Amino acid sequence: MAEVFDDETEQTISIQEYLKEVEDQELEADLVLGGDEGKECTYSKGYMKRQAIFSCLTCTPDGNAGVCTACSLSCHDGHEIVELWTKRNFRCDCGNSKFGDFICKLFSNKDVENANNSYNHNFKGSYCICNRPYPDPDVEEQVEMIQCCMCEDWFHEEHLGLSSIDEIPRDEEGEPLYEDFICPACSEICSFLIQYPSSIWAVGRHSAGKNSLLSELPENNNTQTDSCVLETSSSASIIAENKPMFLSKNWRSALCRCEKCIHNYKLKNISFLVDEEDSIAEYEKIAKQKREEKLQEQEGAELKLFDNLGHVEKIEILNGIADMKDEIRTFMESFDSSKPITSADIHQVFENLAKKRRRTE
């Protein structure tokens, strides 16, 4: 609630908008954690398809290790932590050889190193090709970044090597139309995608009917042939090099899953492309289930607490709720329900409620 009161002269927000914003923020946090309550180290689960990962710069300033949610809370409380959102095929490093004499409090019997883990400069708190932190202390207004679905690094739109950010597929309101983005460095690995139909490419209002990368290809190279799609031509590889790719929704469902393609995915170490959509959906499904269970538990705990109170305490709480409803009702009657209100107005609601309570004491 404190954020609402930060700027009483400029910030305007309706009650419905504020409650929706709080709910969305809570849901987003739960989706990142995937329902992980942060009580147990995930090391025993091996290389998880997806989980929230954190880097501790206090313990590993070189940014060469990552820890799970539980370890970030229990083992690294008070340390300088970098939140990395989610990572694929990662195993918790907390307490292994990269941490020196530091021992994990939750799971001490770990291998010396997790050889299959992958690290990038994000673990040092740096992002994009500009290697800047986020939030960046040297800029007044933070610019949102987009994540490459391959390397999982984050990029500023202005650093994608495009002649104009208008090449990024957007609708008339400026909202992104692409489902996934592949950065210039990873595009050469995925040059075989150029052999697929144009339906896998996101098209925006400034596009001439196709992705800007594909506009450099002859028209007949933009269709899938009878041969295996991974048998790409050298020209496709050259064109794809250092060119970002913007892909449409459900583009993964179009990927060839023949025996030869599956083998080549493994050789390129990109097997995750064919099953990641399902794993992400399952990850979010579990997160939403856990959130619903948590809300139900909280409601049950509140009812149990209320039942254990004495008669006088119950009456006081019910009177307090009734007073708050009356004050909010009075406030809403004086405003159009769709009209934005200032943070000062919200503050006045609670001030009036406090005065009313003091008069009755």
Side-chain angles (χ1 to χ4, degrees), residues 28-127 147-154 180 183 185-186 189 252 262 265-287 289-290:
E28 181 180 4
D30 286 341
L31 289 178
V32 171
L33 296 178
D36 187 355
E37 297 179 352
K39 296 180 180 180
E40 298 180 0
C41 176
T42 61
Y43 180 83
S44 61
K45 297 179 181 179
Y47 293 91
M48 297 178 63
K49 287 187 175 181
R50 186 155 295 277
Q51 67 170 314
I53 292 296
F54 304 80
S55 174
C56 179
L57 298 183
T58 302
C59 296
T60 55
D62 292 336
N64 61 343
V67 303
C68 67
T69 301
C71 287
S72 72
L73 297 173
S74 298
C75 304
H76 303 275
D77 182 33
H79 293 188
E80 184 180 358
I81 296 292
V82 176
E83 183 179 355
L84 300 171
W85 294 81
T86 63
K87 294 291 182 182
R88 70 170 70 92
N89 300 329
F90 201 93
R91 195 175 197 183
C92 181
D93 285 320
C94 182
N96 66 13
S97 61
K98 297 181 178 182
F99 289 78
D101 296 331
F102 184 90
I103 299 175
C104 178
K105 299 177 182 178
L106 302 179
F107 198 107
S108 59
N109 187 24
K110 295 181 178 179
D111 291 340
V112 174
E113 187 175 339
N114 295 316
N116 293 335
N117 278 357
S118 178
Y119 312 91
N120 60 16
H121 63 165
N122 295 168
F123 287 76
K124 293 183 180 181
S126 300
Y127 305 89
Q147 187 181 38
C148 173
C149 66
M150 298 292 293
C151 66
E152 297 187 303
D153 194 2
W154 295 81
D180 282 315
C183 73
C186 293
I189 302 174
R252 285 183 173 85
I262 294 296
Y265 296 151
K266 291 180 180 179
L267 291 179
K268 290 175 175 283
N269 197 30
I270 57 174
S271 296
F272 59 84
L273 286 183
V274 295
D275 63 2
E276 187 163 58
E277 193 169 22
D278 291 336
S279 65
I280 292 176
E282 180 64 22
Y283 188 83
E284 293 184 348
K285 179 181 178 181
I286 293 174
Q289 289 177 342
K290 290 285 187 179

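Note that the structure is predicted; figures quoted are calculated from it, not measured.
- Side-chain contact between K124 and P61 is absent, with no heavy atoms from C-beta onward closer than 4.5 Å.
- The closest donor-acceptor contact from the side chain of D111 to the backbone of E113 lies at 3.5 Å or more, if one exists at all.
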* To do: Could you please spell out the steps behind the side chain to side chain contact (heavy atoms under 4.5 Å, CB included) verdict for R91 and N117?
  => CA-CA 7 Å; R91 195 175 197 183; N117 278 357; 3.9 Å; yes
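- Of the possible donor and acceptor atoms, one in the side chain of K110 sits under 3.5 Å from a partner among the backbone N and O of C94.
- Judged purely by atom type and a 3.5 angstrom limit, K87 has no side-chain atom pairing as donor or acceptor with the backbone of A52.
- No side-chain heavy atom of T60 sits under 4.5 Å from any side-chain heavy atom of F123.
- Between Y119 and F90, the gap from one ring centroid to the other is short of 6.0 Å.
- No donor-acceptor pair closer than 3.5 Å links the side chain of D77 to the backbone N or O of S74.
- By the salt bridge (Lys or Arg N to Asp or Glu O under 4.0 Å) test, D153 pairs with no residue at all, sequence neighbours left out.
- Within the 4.5 Å cutoff, no side-chain heavy atoms of L106 are placed close to those of E40.
- Using a 3.5 Å distance cut-off with no hydrogens or angles, the side chains of T42 and Q51 do pair a donor with an acceptor.
- Rounding to the nearest 0.5 angstrom, the gap separating the CD1 atom in I103 from the SG atom in C75 is 10.5 Å.
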* To do: Quick one: do D180 and R252 satisfy salt bridge (Lys or Arg N to Asp or Glu O under 4.0 Å)? Show the steps, please.
  => CA-CA 10 Å; D180 282 315; R252 285 183 173 85; 2.7 Å; yes
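- Taking the side chain as every heavy atom from C-beta outward, V274 and Y265 approach each other to under 4.5 Å.
- Within the 4.5 Å cutoff, no side-chain heavy atoms of L84 are placed close to those of F54.
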* To do: Check the pair Y43 / C68 against side chain to side chain contact (heavy atoms under 4.5 Å, CB included), numbers first and verdict last.
  => CA-CA 8 Å; Y43 180 83; C68 67; over 6 Å; no
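- R88 places a side-chain heavy atom less than 4.5 Å from the side chain of E152.
- Contact of the I81 side chain with the L57 side chain is not registered, since no non-hydrogen atoms from C-beta on lie closer than 4.5 Å.
- Take H79 and apply the ring-ring contact (aromatic ring centres under 6.0 Å, His included) test, not counting sequence neighbours, and it matches H76.
- Within the 3.5 Å criterion, the main-chain N or O of N116 finds no donor-acceptor partner in the side chain of N114.
- Within the 3.5 Å criterion, the main-chain N or O of V112 finds a donor-acceptor partner in the side chain of S97.
- With hydrogens and angles disregarded, no donor-acceptor distance shorter than 3.5 Å links the side chain of S126 to the backbone of N122.
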